[in-house]
J.: 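Please read through the structure below; I'll follow up with questions.
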Amino acid sequence: MRRAVVLVMAVATLLSACARPTPAGTDKDLVNGWPMLPAAVLQVPTAPACYALPSGTASADVTSWPTPVGCTEPHEVELISVGRFAGADAERATPPNVGSPAMRDAYRRCADDAKALLGADWRTGRVSLSVDVPKPLLWDAGARWFRCDLQALQDIDRFSVATRTASLRGTLRPDGGGLRIGCVKVTTKAGGAAGDIDRIFPASCTTPHEGEFAGLYEPPDGEYPADSEARSNANLAGCRPVVAGFTGVPDDVNFRSRTGLVMWPYDKTAWELGNRAVRCFVWPPKPVTTSLRGAGTKGLPITIA
């Protein structure tokens, strides 16, 4: 019993030690009278703006966009416009998928805005267009925007992003925009089959080069062709009249005796987004030092057996 009494007294002593007098001017209420914290506000991207990204980071992988920089400062991304999902698309539990009607609508909006800024279809230049949507965490918080982002490329085939210190405005104008695809160097894979293309590089039309961009072929809409051989044959057939029209030669039985062609399609993801384009290049039998636009049968005579 003595031990129990001692314990009770010890507890009472501790409790009394905590019960200190209330300082003057206070009421012991730790919350009363404090202002409430402001509600969280989702930041909606503002266009136009330019962004410098960490090395090796794709715009679609950005989880938190950095502060914009001036477009005359080094940057990799140019945000050209911002749209918003609405109606049933905005009520989804998760952001729209690539193949959904909502994303196709967003892509069309972005492609139109890109054309207006660049001066031509973005697919005719060393440019990449991406439609970037909020990450799931931001979507859960109420974000419903989508970004239309452009990036300049160093090459044509491997999408190596270039760092710029100027806006992309007007860079694809027909009167000589700096990023328009024109004449190209074409290399084939070492040890590969004839016509097995490896790389396509920009080149000056006045220096020896193996090919030239002729235009775009866009297959009919529908499911992405699963058979790779059938898809390749269809793209080659689609590019033939494009190349023939560009060079001014007949699209007849002698076409393949005058020139070859290279077709460079976008992938399945692009197709599902709404971009079905195939880039078509004229590929003459030997290097040339001039443009083949309108060369006609004189510029591309029958020389291939």
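Along the sequence shown, the residues carry numbers beginning at 1.
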J.: Which atoms form the tightest heavy-atom contact between P174 and R180, and what is the distance?
T.: CA-NH1, 3.6 Å
J.: If you define the side chain from C-beta out and look only at heavy atoms, does anything of I197 sit under 4.5 Å from W283?
T.: yes
J.: What heavy-atom pair brings P250 and R258 nearest, and what distance separates the two atoms?
T.: CD-NE, 4.3 Å
J.: Do V133 and L150 belong to the same hydrophobic cluster, where Ile, Leu, Val, Met, Phe, Trp and Tyr are linked whenever their side-chain heavy atoms lie under 4.5 Å apart, directly or via other members?
T.: yes
J.: Decide side chain to side chain contact (heavy atoms under 4.5 Å, CB included) for I181 and I156; before the verdict, give the C-alpha distance in whole Å, the side-chain angles of both, and the deciding distance to 0.1 Å.
T.: CA-CA 8 Å; I181 303 175; I156 296 168; 3.8 Å; yes
J.: Hey, quick one: are W145 and V77 part of the same hydrophobic cluster, counting side-chain heavy atoms closer than 4.5 Å, chains of contacts allowed?
T.: yes
J.: Step by step, would you call F85 with R92 a side chain to side chain contact (heavy atoms under 4.5 Å, CB included)?
T.: CA-CA 10 Å; F85 296 110; R92 293 172 47 93; over 6 Å; no
J.: Considering only NZ, NE, NH1 and NH2 on the basic side and carboxylate oxygens on the acidic side, decide whether D221 and R104 come within less than 4.0 Å.
T.: yes
J.: Might you work through the side chain to side chain contact (heavy atoms under 4.5 Å, CB included) test for W264 and V278, ending with a clear yes or no?
T.: CA-CA 6 Å; W264 207 263; V278 180; 5.8 Å; no
J.: Membership question, hydrophobic clusters at under 4.5 Å side-chain separation (ILVMFWY): are F281 and W122 in the same one?
T.: no
J.: Quick one: are L129 and C110 in side-chain contact, heavy atoms under 4.5 Å?
T.: yes
J.: Among the clusters formed by ILVMFWY side chains lying less than 4.5 Å apart, do L216 and V184 turn up in the same one?
T.: yes
J.: Run S291 and E212 through side chain to side chain donor-acceptor pair (under 3.5 Å) and show every step you take.
T.: CA-CA 7 Å; S291 171; E212 186 174 356; 2.7 Å; yes
J.: Is the shortest heavy-atom distance from the side chain of R126 to the side chain of P202 under 4.5 Å?
T.: yes
J.: How long is the span from the CG atom in D198 to the OG1 atom in T187, to the nearest 0.5 Å?
T.: 4.5 Å
J.: Please list every donor-acceptor pair under 3.5 Å in which a side-chain atom of residues 293-301 meets a protein atom from a residue at least two apart or in another chain.
T.:
none

J.: When you measure from the side chain of D267 to the backbone N and O of A270, does any donor-acceptor pair fall under 3.5 Å?
T.: yes
J.: Does V262 reach the side chain of F213, with side-chain heavy atoms less than 4.5 Å apart?
T.: no
J.: Check whether the side chains of E76 and T163 place a donor and an acceptor atom closer than 3.5 Å, and report yes or no.
T.: yes
J.: Side chains of Y266 and R279 only: does a donor on one sit below 3.5 Å from an acceptor on the other?
T.: yes
J.: Under a 4.0 Å N-O cut-off, is there an ion pair linking D112 with R108?
T.: no
J.: Do side-chain atoms of D227 reach the backbone of A230 as a donor and acceptor pair under 3.5 angstrom?
T.: yes
J.: Would you say that more than 12 heavy atoms from the other residues, nucleotides or ligands in this model lie under 6.0 Å from the NZ of K115, or not?
T.: no
J.: Looking only at heavy atoms, what is the nearest atom pair of P208 and T289, with distance?
T.: N-CG2, 3.8 Å
J.: Taking C-beta and beyond as the side chain, do R240 and L261 meet within less than 4.5 Å on heavy atoms?
T.: yes
J.: Got a second to check how far I80's CD1 is from C50's SG, nearest 0.5 Å?
T.: 11.0 Å
J.: How many angstroms lie between CG in L79 and CH2 in W65, if you round to the nearest 0.5 Å?
T.: 7.5 Å
J.: Is there a side-chain contact between R158 and R199 (heavy atoms, below 4.5 Å)?
T.: yes
J.: Taking only residues two or more places apart in sequence or in another chain, which ones pass side-chain hydrogen bond (donor to acceptor under 3.5 Å, both in side chains) with R123?
T.: D121, E218, N275
J.: Measure the CG-CD distance between L138 and Q43 for me, rounded to the nearest 0.5 Å.
T.: 11.0 Å
J.: Any chance the side chains of Y224 and R276 put a donor and an acceptor closer than 3.5 Å?
T.: no
J.: Is the closest side-chain donor-acceptor distance between E78 and S167 under 3.5 Å?
T.: yes
J.: Measure the spacing between CG of L179 and CG of L118 and express it to the nearest 0.5 Å.
T.: 8.0 Å
J.: If I take atom CZ from residue F201 and atom CD from residue E210, how far apart are they, to the nearest 0.5 angstrom?
T.: 10.5 Å
J.: Quick one about S160 and D155 (side-chain donor to acceptor, distance below 3.5 Å, no hydrogens or angles considered), yes or no?
T.: yes
J.: Taking L117 as the starting point, is it possible to reach Y107 by hopping between hydrophobic residues whose side chains are less than 4.5 Å apart?
T.: yes
J.: Closest heavy-atom contact between R164 and T171?
T.: NH2-CG2, 3.9 Å
J.: Is there a side-chain contact between T247 and T259 (heavy atoms, below 4.5 Å)?
T.: no
J.: Provide the closest heavy-atom pair for L172 versus G125 in the form atom of the first, atom of the second, distance.
T.: CD2-CA, 3.6 Å
J.: Let me see the working for R109 and D105 under side chain to side chain contact (heavy atoms under 4.5 Å, CB included), right down to the final yes or no.
T.: CA-CA 6 Å; R109 153 77 185 274; D105 288 344; over 6 Å; no
J.: Checking side-chain polar atoms at under 3.5 Å, does T165 have a donor or acceptor matched by the opposite partner on E73?
T.: no
J.: Any side-chain heavy atom of R231 sitting closer than 4.5 Å to one from W271?
T.: no
J.: Would you name the heavy atoms of V82 and P45 that are closest together and state the gap between them?
T.: CG2-O, 3.5 Å
J.: On the ring face of Y51, is R147 found with NZ or CZ under 6.0 Å from the centre and within 45° of the axis?
T.: yes
